[in-house]
Amino acid sequence: ILNVEQSPQSLHVQEGDSTNFTCSFPSSNFYALHWYRWETAKSPEALFVMTLNGDEKKKGRISATLNTKEGYSYLYIKGSQPEDSATYLCAAWASGGYQKVTFGTGTKLQVIP
Amino acid sequence: NAGVTQTPKFQVLKTGQSMTLQCAQDMNHEYMSWYRQDPGMGLRLIHYSVGAGITDQGEVPNGYNVSRSTTEDFPLRLLSAAPSQTSVYFCASSYFPRGTYEQYFGPGTRLTVT
(Lines give C-alpha, C1' and ligand atoms only; values in the text may rest on other atoms or scores of the structure.)
Protein backbone atom coordinates (compact mmCIF):
# COMPACT_ATOMS: atom_id res chain seq x y z
CA ILE A 1 0.00 0.00 0.00
CA LEU A 2 1.41 3.36 -1.02
CA ASN A 3 1.49 6.34 1.29
CA VAL A 4 -0.32 9.10 -0.60
CA GLU A 5 -0.58 12.47 1.10
CA GLN A 6 -2.45 15.57 0.07
CA SER A 7 -1.94 19.08 1.36
CA PRO A 8 -3.46 21.21 2.54
CA GLN A 9 -6.42 19.31 4.01
CA SER A 10 -8.67 22.28 3.35
CA LEU A 11 -8.49 25.85 2.22
CA HIS A 12 -10.71 28.84 1.67
CA VAL A 13 -9.99 31.28 -1.14
CA GLN A 14 -11.74 34.35 -2.45
CA GLU A 15 -13.46 34.24 -5.81
CA GLY A 16 -10.93 35.18 -8.47
CA ASP A 17 -7.88 33.97 -6.53
CA SER A 18 -5.67 31.31 -7.99
CA THR A 19 -4.71 28.36 -5.85
CA ASN A 20 -2.81 25.12 -5.90
CA PHE A 21 -2.50 21.95 -3.87
CA THR A 22 -0.17 19.01 -3.67
CA CYS A 23 -0.34 15.24 -3.89
CA SER A 24 2.77 13.33 -2.70
CA PHE A 25 3.39 9.68 -3.40
CA PRO A 26 6.30 7.21 -3.34
CA SER A 27 8.33 7.58 -6.53
CA SER A 28 9.43 3.94 -6.67
CA ASN A 29 7.23 1.61 -8.77
CA PHE A 30 5.09 4.54 -9.91
CA TYR A 31 2.58 3.70 -12.62
CA ALA A 32 -0.07 6.45 -12.83
CA LEU A 33 -1.66 9.32 -10.97
CA HIS A 34 -5.30 10.35 -11.15
CA TRP A 35 -6.93 13.57 -10.00
CA TYR A 36 -10.65 13.61 -9.18
CA ARG A 37 -13.12 16.33 -8.36
CA TRP A 38 -15.64 15.32 -5.69
CA GLU A 39 -18.63 17.51 -4.98
CA THR A 40 -20.63 16.97 -1.82
CA ALA A 41 -23.31 14.28 -2.19
CA LYS A 42 -21.97 13.24 -5.59
CA SER A 43 -19.41 10.70 -6.77
CA PRO A 44 -15.76 11.41 -7.62
CA GLU A 45 -15.36 12.57 -11.21
CA ALA A 46 -12.09 12.09 -13.06
CA LEU A 47 -10.17 15.25 -13.95
CA PHE A 48 -6.78 14.02 -15.15
CA VAL A 49 -4.87 10.81 -15.70
CA MET A 50 -1.10 11.30 -15.70
CA THR A 51 1.64 8.78 -16.30
CA LEU A 52 4.83 10.42 -17.56
CA ASN A 53 7.34 12.51 -15.66
CA GLY A 54 6.84 16.12 -16.70
CA ASP A 55 3.24 15.56 -17.81
CA GLU A 56 1.11 18.67 -17.81
CA LYS A 57 -2.65 18.47 -18.31
CA LYS A 58 -5.19 21.25 -18.59
CA LYS A 59 -8.97 21.46 -18.56
CA GLY A 60 -10.31 25.00 -18.65
CA ARG A 61 -8.98 26.86 -15.61
CA ILE A 62 -7.66 23.69 -13.95
CA SER A 63 -4.26 22.23 -14.70
CA ALA A 64 -1.96 19.63 -13.20
CA THR A 65 1.70 18.73 -13.34
CA LEU A 66 3.51 15.52 -12.47
CA ASN A 67 7.01 14.86 -11.13
CA THR A 68 7.51 11.11 -10.82
CA LYS A 69 11.18 11.36 -9.85
CA GLU A 70 10.46 13.29 -6.67
CA GLY A 71 6.96 11.89 -6.16
CA TYR A 72 4.55 14.79 -6.35
CA SER A 73 1.80 16.31 -8.45
CA TYR A 74 0.37 19.82 -8.29
CA LEU A 75 -3.17 20.81 -9.15
CA TYR A 76 -3.70 24.48 -10.04
CA ILE A 77 -6.94 26.40 -10.30
CA LYS A 78 -6.70 29.79 -11.96
CA GLY A 79 -9.27 32.44 -11.06
CA SER A 80 -11.29 30.29 -8.65
CA GLN A 81 -15.06 30.39 -8.95
CA PRO A 82 -17.68 29.30 -6.38
CA GLU A 83 -18.51 26.30 -8.56
CA ASP A 84 -14.94 25.07 -8.06
CA SER A 85 -15.81 24.36 -4.42
CA ALA A 86 -15.28 20.63 -3.98
CA THR A 87 -12.86 18.08 -2.59
CA TYR A 88 -9.98 17.29 -4.92
CA LEU A 89 -8.70 13.73 -4.61
CA CYS A 90 -5.59 12.16 -5.99
CA ALA A 91 -5.00 8.44 -6.43
CA ALA A 92 -1.64 6.86 -7.14
CA TRP A 93 -1.20 3.53 -8.90
CA ALA A 94 1.93 1.44 -8.41
CA SER A 95 3.12 -1.14 -10.91
CA GLY A 96 1.64 -4.59 -10.43
CA GLY A 97 -2.00 -4.42 -11.30
CA TYR A 98 -5.38 -2.84 -10.83
CA GLN A 99 -5.37 -3.35 -7.08
CA LYS A 100 -2.21 -1.31 -6.51
CA VAL A 101 -4.08 1.94 -5.98
CA THR A 102 -4.03 4.28 -2.99
CA PHE A 103 -6.19 7.33 -2.60
CA GLY A 104 -5.23 10.45 -0.72
CA THR A 105 -7.64 11.97 1.78
CA GLY A 106 -8.33 14.96 -0.44
CA THR A 107 -8.08 18.74 -0.31
CA LYS A 108 -11.38 20.46 0.43
CA LEU A 109 -11.63 23.76 -1.41
CA GLN A 110 -14.16 26.44 -0.51
CA VAL A 111 -14.36 29.44 -2.83
CA ILE A 112 -15.95 32.44 -1.15
CA PRO A 113 -17.98 34.73 -3.45
CA ASN B 1 -25.74 5.45 -20.86
CA ALA B 2 -26.64 5.29 -17.17
CA GLY B 3 -22.97 4.81 -16.26
CA VAL B 4 -22.44 3.17 -12.87
CA THR B 5 -25.56 2.69 -10.76
CA GLN B 6 -25.77 1.61 -7.13
CA THR B 7 -28.69 0.57 -4.98
CA PRO B 8 -29.78 1.29 -2.35
CA LYS B 9 -28.69 4.88 -1.68
CA PHE B 10 -29.16 4.50 2.07
CA GLN B 11 -29.45 1.47 4.33
CA VAL B 12 -29.66 0.86 8.06
CA LEU B 13 -28.86 -2.62 9.34
CA LYS B 14 -28.77 -4.21 12.73
CA THR B 15 -25.61 -6.02 13.84
CA GLY B 16 -25.61 -9.55 12.45
CA GLN B 17 -27.97 -8.88 9.54
CA SER B 18 -26.87 -9.60 6.00
CA MET B 19 -27.47 -7.64 2.84
CA THR B 20 -26.24 -7.11 -0.69
CA LEU B 21 -25.23 -3.78 -2.19
CA GLN B 22 -25.93 -3.75 -5.89
CA CYS B 23 -23.70 -2.24 -8.55
CA ALA B 24 -24.23 -2.24 -12.30
CA GLN B 25 -22.51 -0.57 -15.25
CA ASP B 26 -23.55 -0.31 -18.89
CA MET B 27 -20.23 0.76 -20.39
CA ASN B 28 -18.91 -2.75 -21.01
CA HIS B 29 -15.94 -2.10 -18.73
CA GLU B 30 -13.76 -5.05 -17.79
CA TYR B 31 -12.77 -3.85 -14.36
CA MET B 32 -15.07 -3.23 -11.41
CA SER B 33 -14.30 -2.49 -7.80
CA TRP B 34 -15.77 -1.63 -4.43
CA TYR B 35 -14.36 1.05 -2.12
CA ARG B 36 -15.34 2.29 1.29
CA GLN B 37 -15.03 5.89 2.43
CA ASP B 38 -14.49 6.59 6.11
CA PRO B 39 -13.90 9.96 7.78
CA GLY B 40 -10.27 11.07 7.65
CA MET B 41 -9.26 8.26 5.32
CA GLY B 42 -8.86 7.91 1.60
CA LEU B 43 -11.07 5.59 -0.38
CA ARG B 44 -9.99 2.02 0.42
CA LEU B 45 -10.32 -0.89 -1.97
CA ILE B 46 -12.44 -3.77 -0.66
CA HIS B 47 -12.65 -6.18 -3.60
CA TYR B 48 -12.15 -5.89 -7.31
CA SER B 49 -12.77 -7.83 -10.50
CA VAL B 50 -10.78 -7.86 -13.74
CA GLY B 51 -13.51 -9.62 -15.71
CA ALA B 52 -16.56 -11.85 -15.43
CA GLY B 53 -15.80 -14.81 -13.19
CA ILE B 54 -12.63 -13.26 -11.73
CA THR B 55 -12.51 -11.50 -8.38
CA ASP B 56 -9.80 -10.72 -5.87
CA GLN B 57 -9.27 -9.02 -2.54
CA GLY B 58 -8.25 -5.43 -2.04
CA GLU B 59 -6.91 -3.68 1.04
CA VAL B 60 -9.87 -4.27 3.39
CA PRO B 61 -11.75 -7.43 2.28
CA ASN B 62 -12.73 -8.94 5.65
CA GLY B 63 -16.46 -9.23 6.19
CA TYR B 64 -17.34 -8.81 2.52
CA ASN B 65 -17.93 -11.18 -0.38
CA VAL B 66 -18.25 -10.44 -4.08
CA SER B 67 -19.04 -12.30 -7.27
CA ARG B 68 -18.98 -11.32 -10.93
CA SER B 69 -21.21 -13.54 -13.00
CA THR B 70 -21.72 -10.94 -15.75
CA THR B 71 -19.69 -8.02 -17.09
CA GLU B 72 -22.42 -5.61 -15.97
CA ASP B 73 -23.00 -6.55 -12.32
CA PHE B 74 -20.74 -6.64 -9.28
CA PRO B 75 -22.70 -7.06 -6.03
CA LEU B 76 -21.08 -6.68 -2.61
CA ARG B 77 -22.38 -8.92 0.15
CA LEU B 78 -22.14 -8.30 3.86
CA LEU B 79 -22.67 -11.68 5.51
CA SER B 80 -23.01 -10.53 9.13
CA ALA B 81 -22.97 -6.76 9.47
CA ALA B 82 -20.88 -5.13 12.18
CA PRO B 83 -20.81 -1.49 13.37
CA SER B 84 -17.29 -1.22 11.93
CA GLN B 85 -18.86 -1.58 8.48
CA THR B 86 -20.73 1.69 8.86
CA SER B 87 -19.38 3.63 5.91
CA VAL B 88 -20.13 5.04 2.49
CA TYR B 89 -19.56 2.46 -0.24
CA PHE B 90 -18.62 3.35 -3.78
CA CYS B 91 -18.60 1.05 -6.76
CA ALA B 92 -16.39 1.90 -9.73
CA SER B 93 -15.93 0.52 -13.18
CA SER B 94 -12.80 0.99 -15.25
CA TYR B 95 -11.31 0.33 -18.62
CA PHE B 96 -7.76 0.40 -19.76
CA PRO B 97 -7.20 2.69 -22.71
CA ARG B 98 -3.74 3.98 -23.58
CA GLY B 99 -1.99 1.97 -20.91
CA THR B 100 -3.73 3.28 -17.80
CA TYR B 101 -7.03 2.91 -15.99
CA GLU B 102 -9.95 5.31 -16.39
CA GLN B 103 -12.34 4.97 -13.45
CA TYR B 104 -16.01 5.90 -13.23
CA PHE B 105 -17.69 5.95 -9.84
CA GLY B 106 -21.26 5.25 -8.83
CA PRO B 107 -23.24 7.60 -6.57
CA GLY B 108 -22.50 5.66 -3.38
CA THR B 109 -24.46 3.78 -0.72
CA ARG B 110 -24.50 5.13 2.82
CA LEU B 111 -24.68 2.20 5.23
CA THR B 112 -25.26 2.45 8.96
CA VAL B 113 -24.95 -0.62 11.18
CA THR B 114 -26.43 -0.27 14.66
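So you know, we letter chains A, B, ... as the sequences are listed, proteins then strands, and number each from 1. Because the structure is a prediction, the values reported are computed rather than measured.
Transitive grouping of hydrophobic side chains (ILVMFWY, heavy atoms separated by less than 4.5 Å) keeps A/Val49 and A/Trp93 in distinct clusters. Put simply, A/Leu11 and A/Tyr72 are part of two different groups of oily side chains (I, L, V, M, F, W, Y) that touch within less than 4.5 Å, one to the next. Residues A/Ile77 and A/Met50 are members of one and the same hydrophobic cluster, defined by side-chain heavy-atom contacts under 4.5 angstrom among Ile, Leu, Val, Met, Phe, Trp and Tyr. Criterion: ILVMFWY side-chain heavy atoms under 4.5 Å apart, direct or through other members. Under it, B/Phe96 and B/Val50 are part of a common hydrophobic cluster. Hydrophobic clustering (ILVMFWY, side-chain heavy atoms < 4.5 Å, transitive): A/Val4 and A/Trp35 are in one cluster.
Interface check for chain A: of the options B/Gln57, B/Gln37, B/Arg44, the most heavy-atom pairs under 4.5 Å are formed by B/Gln37. Note on B/Gly58, B/Ala92, B/Ser33: by heavy-atom pairs under 4.5 Å with chain A, the leading option is B/Ser33.
Using a 4.5 Å cut-off between heavy atoms, B/Leu45 contacts chain A through its side chain alone, with no backbone atom that close.
Separation of atoms CZ (B/Phe90) and CZ (A/Phe103) is listed at 10.5 Å; rounding is to 0.5 Å.
Proximity to chain A at a heavy-atom threshold of 4.5 Å picks out B/Gln103, B/Phe105, B/Gly106, B/Pro107 from residues 103-114 of chain B, in numerical order.
Side-chain contact check for A/Val101 versus B/Tyr35: some heavy-atom pair is nearer than 4.5 Å. Put simply, the side chain of B/Leu43 does not reach to within 4.5 Å of the side chain of A/Tyr36, judged on heavy atoms.
Here A/Glu15 pairs with A/Gln81, A/Pro82, A/Val111, A/Pro113 under the side chain to side chain contact (heavy atoms under 4.5 Å, CB included) rule; sequence neighbours left out.
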